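Note that this is a predicted model, so its numbers are computed, not measured. Note: hydrogens, waters and symmetry copies are ignored here, and every other heavy atom, side chains too, is used.
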Amino acid sequence: QVQLVESGGGLVQPGGSLILSCAASGSIFSINAMGWYRQAPGKQRELVAHIINGGSTNYADSVKGRFTISRDNAKNSVYLQMNSLKPEDTAVYYCNANIQTIANRYNAINYWGKGTLVTVSS
């Protein structure tokens, strides 16, 4: 059993900053890629940022230069530093991780957190 738990969402004014955190727990053998997705009201879920085990990252064009993804492998955690936030960044942010469990080391499965709401408004 694996769980992803996000934290750090909230209300912030335009131009402000937030840090989102996500910790994976459970019977984890190895975590491959980790990432953040978001879903705004009435829109499809979209990739925000992604980081693989070796540290390579990629970002949605809309957040490049403003958001930074990082991970702490020792803590099975991924973070999203969000700066210069805009109203259009308002969404529920979901953590995603591609994980091999102890019971199933040869097949990686994508797990999702329940999401954390980020609201950018004055």
Side-chain angles (χ1 to χ4, degrees):
Q1 191 78 359
V2 171
Q3 284 188 320
L4 300 182
V5 179
E6 303 104 334
S7 61
L11 173 64
V12 63
Q13 292 187 339
S17 297
L18 279 177
I19 300 176
L20 303 183
S21 301
C22 171
S25 62
S27 301
I28 297 170
F29 175 70
S30 178
I31 301 179
N32 303 313
M34 301 185 83
W36 290 95
Y37 289 71
R38 68 186 180 187
Q39 188 166 16
K43 294 188 177 181
Q44 289 189 332
R45 190 174 297 188
E46 62 176 1
L47 173 69
V48 176
H50 181 258
I51 182 168
I52 65 172
N53 204 359
S56 295
T57 60
N58 69 286
Y59 297 90
D61 287 343
S62 59
V63 307
K64 281 181 182 177
R66 300 189 297 122
F67 290 11
T68 302
I69 189 170
S70 61
R71 63 189 284 177
D72 184 334
N73 291 331
K75 295 182 179 180
N76 290 336
S77 295
V78 64
Y79 308 95
L80 187 68
Q81 172 73 52
M82 304 186 293
N83 299 326
S84 303
L85 282 160
K86 304 176 181 180
E88 51 264 42
D89 295 317
T90 295
V92 178
Y93 284 71
Y94 296 91
C95 176
N96 172 270
N98 187 255
I99 296 174
Q100 294 161 268
T101 63
I102 293 173
N104 192 8
R105 300 184 184 187
Y106 300 104
N107 292 291
I109 298 173
N110 277 330
Y111 291 87
W112 292 90
K114 293 182 179 180
T116 184
L117 177 62
V118 173
T119 303
V120 184
S121 176
S122 54

Pairs meeting criterion disulfide bond (SG atoms under 2.5 Å apart) with involvement of [range], two or more places apart:
range: residues 30-63; result: none
range: residues 60-92; result: none
range: residues 79-122; result: C22-C95
range: residues 24-55; result: none

For V78 and W36, what are the C-alpha separation, side-chain angles and deciding distance, and is it a side chain to side chain contact (heavy atoms under 4.5 Å, CB included)?
CA-CA 9 Å; V78 64; W36 290 95; 3.8 Å; yes
Given the rule in the side chain to side chain contact (heavy atoms under 4.5 Å, CB included) test, do T57 and H50 qualify, once you have shown the distances and angles that lead to the verdict?
CA-CA 5 Å; T57 60; H50 181 258; over 6 Å; no
Going from [atom1] on [X] to [atom2] on [Y], what distance comes out if it is rounded to the nearest 0.5 angstrom?
X: Y111; Y: I31; atom1: OH; atom2: CD1; value: 10.5 Å
X: L47; Y: N58; atom1: CG; atom2: CG; value: 5.5 Å
X: E88; Y: T90; atom1: CD; atom2: OG1; value: 8.5 Å
X: T101; Y: Y106; atom1: OG1; atom2: OH; value: 12.0 Å
X: S30; Y: I99; atom1: OG; atom2: CD1; value: 9.0 Å
X: S56; Y: I51; atom1: OG; atom2: CD1; value: 8.0 Å

Exercise answer: donor-acceptor pairs, residues 115-122 side-chain atoms, under 3.5 Å, sequence neighbours excluded:
unit_1: T116; atom_1: OG1; unit_2: G9; atom_2: N; d: 3.2

Could I get the full list of side chain to side chain contact (heavy atoms under 4.5 Å, CB included) partners for [X], not counting sequence neighbours?
X: A49; value: Y59, I69, L80
X: A91; value: R38, A40, Y93
X: S27; value: I102
X: Q3; value: S25

Just to verify, what does K43 make a salt bridge (Lys or Arg N to Asp or Glu O under 4.0 Å) with, not counting sequence neighbours?
none
Using salt bridge (Lys or Arg N to Asp or Glu O under 4.0 Å) as the criterion, list what pairs up with R45, not counting sequence neighbours.
none
Let me check something: do [X] and [Y] share a hydrophobic cluster, defined by ILVMFWY side-chain heavy atoms less than 4.5 Å apart, either directly or through other members?
X: V92; Y: W112; answer: yes
X: M82; Y: V12; answer: yes
X: I109; Y: V2; answer: yes
X: L4; Y: Y94; answer: no

From CA spacing to verdict: side chain to side chain contact (heavy atoms under 4.5 Å, CB included), V48, F67
CA-CA 9 Å; V48 176; F67 290 11; 3.7 Å; yes
Mind jotting down which residue pairs meet the salt bridge (Lys or Arg N to Asp or Glu O under 4.0 Å) criterion with at least one end in residues 57-77? Sequence neighbours excluded, please.
D61-K64, R66-D89
Taking all non-hydrogen atoms of both residues into account, name the closest pair between Y79 and S21 and its distance.
CD2-OG, 3.4 Å
Between N53 and N32, does any side-chain donor sit less than 3.5 Å from a side-chain acceptor?
no
Check whether E6 reaches the backbone of K114 with its side chain - one donor and one acceptor, N or O, closer than 3.5 Å.
yes
